[in-house]
Number of protein chains: 2
Amino acid sequence: MLTIGTLSKKTGTKVQTIRYYEQIGLMPEPGRTEGGQRRYDNAQLDRLSFIRHSRQLGFSLDAIRELLDLSDQPNRPCEEADAIARRQLKQVEQRMARLKALRTELKRMVHECSGGRTADCKVLEVLRDHSECLTEHDEIGA
Amino acid sequence: MLTIGTLSKKTGTKVQTIRYYEQIGLMPEPGRTEGGQRRYDNAQLDRLSFIRHSRQLGFSLDAIRELLDLSDQPNRPCEEADAIARRQLKQVEQRMARLKALRTELKRMVHECSGGRTADCKVLEVLRDHSECLTEHDEIGA
DNA sequence: GCTTGAACCTCTAGTAGCTAGAGGATGTAG
DNA sequence: CTACATCCTCTAGCTACTAGAGGTTCAAGC
């Protein structure tokens, strides 16, 4: 029987976060002591590890919910899990492409700045005038 | 004199977002008609363009606030603006590095999945067992 | 058995950067 | 002068947590 603090240390998840996962139904309600404190077993430790690892790979909580559901049904075809992972891979690749464009633009800005007054600052100038951009970077967000 | 809708179209910013920027003090309070509707001038259009362009380059609203302040003081040395841009560049590079590691791991997962039952699914297996990972990917978040 | 203090509990509110909707007022074209 | 697109304010919601207040429980040491 593990306390929430032990689970926290073993998985590198903050205590509050574990309770949050329970609240949104990602973690099951654990048993309680007479005094009302949560006690976990190894199945729940595994589940939390799964969640954490998936988060580290960038999966959304919704995606993780799907993956956990699939994981609970061993006889279903694994295409769905595969599709979720592919979707995630695609997202990561899109984000990388966008960041690459941003990096190009930022590098250019920084390199052109010669360190005078803000009035002549290339950085600010580029930000003021989008038409100076060489790359497209239309989307906002990570 | 531009309505908020016109400003919205010209900058590709949602009307609600413009009002939000005003609320948090990033955009100045504009003039109003007798009936209370906002009316903007070209200086405000420029400011909003600056904000939007900076957002597209991934700057946080706080960073943009600093950049706008600097932009308003033409005689200060531009080192600060330069530093903000460099900081942003660094962040972008860090995020790229992390995404690269994620991509590697996701690719491996997806390629190893041979399409059987979920019980044998490589995707789920990898998620279950962190020790199978070849790459480090300790941080959560974009 | 009793005390102490770390760890637990619930609840609320805050973070970034918006976005959506309710319910009502205004402005302008025909 | 009417219709209706656009505007107004206000509140609440999104993701994925995180922090803190104020109070209770557990386990170890004496």
Side-chain angles (χ1 to χ4, degrees), chain A residues 1-27 29-40 44 48 50-68 87-88 91 95 98 138-142, chain B residues 1-27 29-40 44 48 50-68 87-88 91 95 98 138-142:
Chain A
M1 283 302 151
L2 312 161
T3 65
I4 198 167
T6 312
L7 211 64
S8 165
K9 268 167 218 147
K10 288 204 183 213
T11 60
T13 315
K14 298 222 164 127
V15 166
Q16 304 279 43
T17 304
I18 299 174
R19 290 201 276 250
Y20 169 71
Y21 287 161
E22 181 185 330
Q23 193 187 306
I24 62 167
L26 208 56
M27 285 292 285
E29 288 186 23
R32 301 268 185 158
T33 62
E34 282 189 20
Q37 297 194 356
R38 291 169 178 82
R39 289 299 121 100
Y40 296 91
Q44 278 152 326
L48 183 55
F50 185 105
I51 294 171
R52 279 278 108 178
H53 192 197
S54 304
R55 284 293 298 133
Q56 283 166 352
L57 286 170
F59 289 93
S60 71
L61 294 183
D62 270 355
I64 294 170
R65 216 184 288 271
E66 289 182 69
L67 289 167
L68 282 166
R87 209 169 64 202
Q88 180 61 19
Q91 253 185 43
R95 266 192 255 166
R98 193 153 72 244
D138 295 308
E139 283 186 68
I140 285 183
Chain B
M1 286 300 151
L2 310 162
T3 66
I4 198 169
T6 311
L7 211 63
S8 166
K9 268 167 219 148
K10 287 204 184 216
T11 60
T13 316
K14 298 222 165 129
V15 166
Q16 304 279 48
T17 305
I18 299 173
R19 290 199 276 248
Y20 170 70
Y21 287 160
E22 179 185 330
Q23 194 187 306
I24 62 169
L26 207 57
M27 285 290 288
E29 289 187 22
R32 301 267 186 159
T33 61
E34 283 189 19
Q37 298 194 355
R38 292 168 177 83
R39 289 299 122 99
Y40 296 91
Q44 278 151 326
L48 184 55
F50 185 105
I51 294 170
R52 278 280 109 178
H53 192 198
S54 303
R55 284 295 296 134
Q56 283 167 351
L57 286 169
F59 289 94
S60 70
L61 294 182
D62 271 355
I64 294 171
R65 218 185 287 271
E66 290 182 69
L67 288 166
L68 281 166
R87 211 168 62 202
Q88 179 62 18
Q91 254 185 41
R95 266 191 256 166
R98 195 153 72 242
D138 295 307
E139 284 187 67
I140 286 184

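Below, chain A is the first sequence line, B the second, and so on; all start at residue 1. Just so it is clear, the values below take in all heavy atoms, side chains as well, and ignore hydrogens, waters and symmetry mates.
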Exercise for the section: Record whether the side chain of B:Gln16 comes under 3.5 Å of the base of C:dG21 through a donor-acceptor pair of N or O atoms. Expected result: yes
Fill in the blank from the handout: B:Ile51 atom CD1 is separated from C:dG17 atom P, nearest whole Å, by 12 Å
Problem - Separation of atom CD1 in B:Ile18 from atom C1' in D:dT6, rounded to whole Å - result: 13 Å
Problem - Phosphate-side-chain proximity, B:Tyr20 and C:dA16, N/O vs OP1/OP2 below 4.0 Å - result: no
Problem - d(CD, A:Glu22; P, C:dT10) in whole Å - result: 8 Å
Handout entry: For atom CD1 of A:Ile64 and atom C1' of D:dC17, their distance in whole Å
Key = 13 Å
Can you give me the N/O atom pairs linking the protein to nucleotides 23-27 of chain C at distances under 3.5 Å, or say none if there are none?
unit_1: C:dG27; atom_1: OP1; unit_2: B:Thr33; atom_2: OG1; d: 2.7
unit_1: C:dG27; atom_1: OP1; unit_2: B:Gly35; atom_2: N; d: 3.2

Practice task
Report yes if the side chains of B:Leu61 and B:Arg55 come closer than 4.5 Å at any heavy-atom pair, otherwise no.
Solution key: yes
Exercise for the section: Mind checking B:Ile24 for me? I need base, sugar-phosphate or nothing, with any heavy atom below 4.0 Å counting as a touch. Expected result: nothing
Practice task
Would you confirm whether B:Thr13, through its side chain, and B:Ser8, through its main-chain N or O, come within 3.5 Å as a donor-acceptor pair?
Solution key: no
Practice task
Report yes if the side chains of A:Arg65 and A:Ile24 come closer than 4.5 Å at any heavy-atom pair, otherwise no.
Solution key: yes
Exercise for the section: Considering just the side-chain nitrogens and oxygens of A:Tyr21, establish if one lies under 4.0 Å of OP1 or OP2 belonging to D:dC17. Expected result: yes
Practice task
Check the distance between C:dC9's C1' and A:Tyr40's OH and give it to me in whole angstrom.
Solution key: 12 Å
Exercise for the section: Would you kindly give the CG-to-P distance between A:Leu2 and C:dC8, to the nearest whole Å? Expected result: 11 Å
Practice task
Give the minimum heavy-atom separation between A:Gln44 and A:Met27, together with the two atoms involved.
Solution key: O-CE, 3.4 Å
Practice task
Take the protein atom CD1 of B:Ile4 and the nucleotide atom P of D:dA5, then report the distance between them rounded to whole Å.
Solution key: 19 Å
Problem - B:Thr3 side chain near D:dT6 phosphate (N/O to OP1/OP2, under 4.0 Å) - result: no
Problem - Rounded interatomic separation in angstrom, taking CE from A:Met1 and C1' from D:dA27 - result: 18 Å
Exercise for the section: Could you tell me the separation between the OG atom of B:Ser60 and the CZ atom of B:Arg87, rounded to the nearest 0.5 Å? Expected result: 7.0 Å
Fill in the blank from the handout: Taken in chain and number order and not counting sequence neighbours, the residues that satisfy side chain to side chain donor-acceptor pair (under 3.5 Å) with A:Thr3 are A:Thr6
Completion exercise
On DNA chain C, more 5' by nearest nucleotide between B:Phe59 and B:Arg19 is B:Phe59
Problem - side-chain N/O A:Arg32 vs D:dT24 OP1/OP2, d < 4.0 Å - result: no
Problem - Phosphate-side-chain proximity, B:Lys14 and C:dA20, N/O vs OP1/OP2 below 4.0 Å - result: yes
Exercise for the section: Please work out if B:Arg38 contacts a base, only the sugar-phosphate, or nothing of the nucleic acid, heavy-atom cut-off 4.0 Å. Expected result: sugar-phosphate
Problem - Heavy-atom pair of closest approach, residues B:Ser54 and B:Phe50 - result: OG-O, 2.7 Å
Exercise for the section: Let me know, please, whether B:Lys9 or B:Gln23 comes out on the 5' side of the other along DNA chain D by nearest nucleotide. Expected result: B:Lys9
Handout entry: With B:Arg19 via side chain to side chain donor-acceptor pair (under 3.5 Å) - residues at least two apart
Key = B:Gln16
